[in-house]
Amino acid sequence: MKLLEERIRKDGILAEGNVLKVDCFLNHLMDVALFHEMGMEFKRLFADKPINKILTIEASGIGIACIAAECFHVPVLFAKKSQSINLSGEVYATKVQSFTHKRVYDVVVSKKFIGPEDHVLIIDDFLANGCALQGLIQLVRDAGATVEGIGICIEKGFQEGGKLIRDTGIQLESLAIVERMDPTTGEIVFREQ
Ligand code: 5GP
């Protein structure tokens with residue numbers, strides 16, 4: 001998506017440890033007009049899928065998931081990062097290794113809000129090694145629901161997550177795929193799509 005690529009080039013900051021900072025428009029200050037364009041693009045890419053729920057993970061996936069949900073006319077469920085683990089029978093739970101915080105979270109969704117009747121589009125801001133997505137896929141499957149697809153704003157194509165997920169056969173669409181980024185020169189190269 002050219003609009004997103006141009007914005008990453010203009011405002012993205014390359015940080016230590018393969019981290020691309022886009023907190024001035026994506027995951028801290030949020031450019032809602034841009035989110036609307038991204039939501040419409042997800043709608044176009046998954047137009048043929050019977051999606052009735054969007055699933056994301058707190059916190060930075062929630063903004064884009066909500067705007068996308070308006071385009072799909074469906075509700076958003078966000079997986080909560082649980083500190084105190086109450087693994088009673090009321091939640092589906094999994095573990096996710098955080099790329100940016102280098103720690104493992106327990107992630108939960110209530111059994112009340114997802115079940116076998118659900119056809120789920122998973123949305124997140126970034127895809128790096130794929131741990132967050134694999135956790136979310138696990139939660140959907142534990143609920144007996146169907147993963148209809150995955151929509152990502154920015155995929156870092158030089159990390160393994162995209163390949164791992166595509167190899168499972170799930171339709172994964174990333175609006176911008178960074179092929180290469182060089183913190184010393186500031187160069188960012190996107191994959192042609
Ligand atoms: P993964 O689980 O795929 O390794 O990482 C995905 C999660 O880590 C995303 O939910 C996102 O919040 C965070 N993340 C991964 N790479 C980056 C990055 O380069 N920049 C930012 N801002 N977040 C990232």
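Residue indices begin at 1 and follow the sequence shown. Order of appearance sets the numbers: ligands from 1, and atoms from 1 within every ligand.
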### Summary
Checking Thr56, Val109, Leu136 against Phe78 for side-chain contact (heavy atoms from CB on, under 4.5 Å), the one that qualifies is Thr56
## Note on the structure
Going by the 4.0 angstrom heavy-atom rule, the piece of Ser60 near ligand 1 is side chain
#### Entry: Any N/O pair Asp124/ligand 1 closer than 3.5 Å
yes
### Query
Which heavy atom in Gln171 sits nearest to a heavy atom in Leu45, and how many Å separate them?
NE2-O, 3.3 Å
### Ile154 contact mode with ligand 1 (heavy-atom cut-off under 4.0 Å)
neither
### Message
Counting only heavy atoms closer than 4.0 Å, does ligand 1 sit against the backbone of Asp125, its side chain, both, or neither?
### Response
side chain
### Message
Within the 4.0 Å heavy-atom shell around Cys131, which atoms of ligand 1 are there?
### Response
1 (P), 2 (O), 3 (O)
### Task
Look at atom NE2 of His119 and say whether more than 12 heavy atoms of other residues, nucleotides or ligands are closer to it than 6.0 Å.
yes
### Listed once per pair and sorted, the salt bridge (Lys or Arg N to Asp or Glu O under 4.0 Å) pairs that draw on residues 33-46, sequence neighbours left out
Glu41-Arg44
### Message
What protein heavy atom lies closest to atom 8 (O) of ligand 1? Include the residue and the distance to one decimal.
### Response
Phe99 CB, 3.7 Å
### Query
Looking only at protein heavy atoms, which one is nearest to atom 4 (O) of ligand 1, and how far off is it?
Asn129 N, 2.8 Å
### Query
Relative to the heavy atoms of Asn18, which atoms of ligand 1 are at a distance of less than 4.0 Å?
19 (O)
### Query
Based purely on interatomic distance, does Val22 place a nitrogen or oxygen under 3.5 Å from a nitrogen or oxygen of ligand 1?
no
### Task
Quick one: look up the protein heavy atom nearest atom 2 (O) of ligand 1 and list residue, atom name and how far away it is.
Ala132 N, 2.8 Å
### Query
Just by distance, do the side chain of Lys156 and the backbone of Val19 share a donor-acceptor pair under 3.5 Å?
no
### Query
If we only count N/O pairs under 3.5 Å, is Ile57 in contact with ligand 1?
no
### Query
Tyr105 vs His101 aromatic rings, parallel, tilted or perpendicular, using cut-offs 30° and 60°?
perpendicular
### Query
Of the non-hydrogen atoms in Gly115 and Ala145, which two are nearest, and what is the gap between them?
O-CB, 3.3 Å
#### Entry: Asn129 and Gln159 side chains, donor-acceptor separation under 3.5 Å
yes
### Query
Looking only at distance, does Leu20 have an N or O less than 3.5 Å from an N or O of ligand 1?
yes
### Query
To the nearest 0.1 Å, how far is atom 16 (N) of ligand 1 from its closest protein heavy atom, and which atom is that?
Lys156 NZ, 2.9 Å
### Task
Over all heavy atoms of both residues, which pair between Asn27 and Phe126 is shortest? Give the atoms and the distance, please.
ND2-CE1, 3.8 Å
### Message
So if I count the atoms of ligand 1 from 1 in the order they appear, which ones are less than 4.0 Å from some heavy atom of Asn27?
### Response
22 (N)
### Query
Closest non-hydrogen protein atom to atom 23 (N) of ligand 1, residue and atom name please, with distance?
Phe126 CD1, 3.5 Å
### Min N/O separation Gly130 to ligand 1 under 3.5 Å
yes
### Query
Is there a donor in the side chain of Asp125 and an acceptor in the side chain of Ser60, or the other way round, less than 3.5 Å apart?
yes
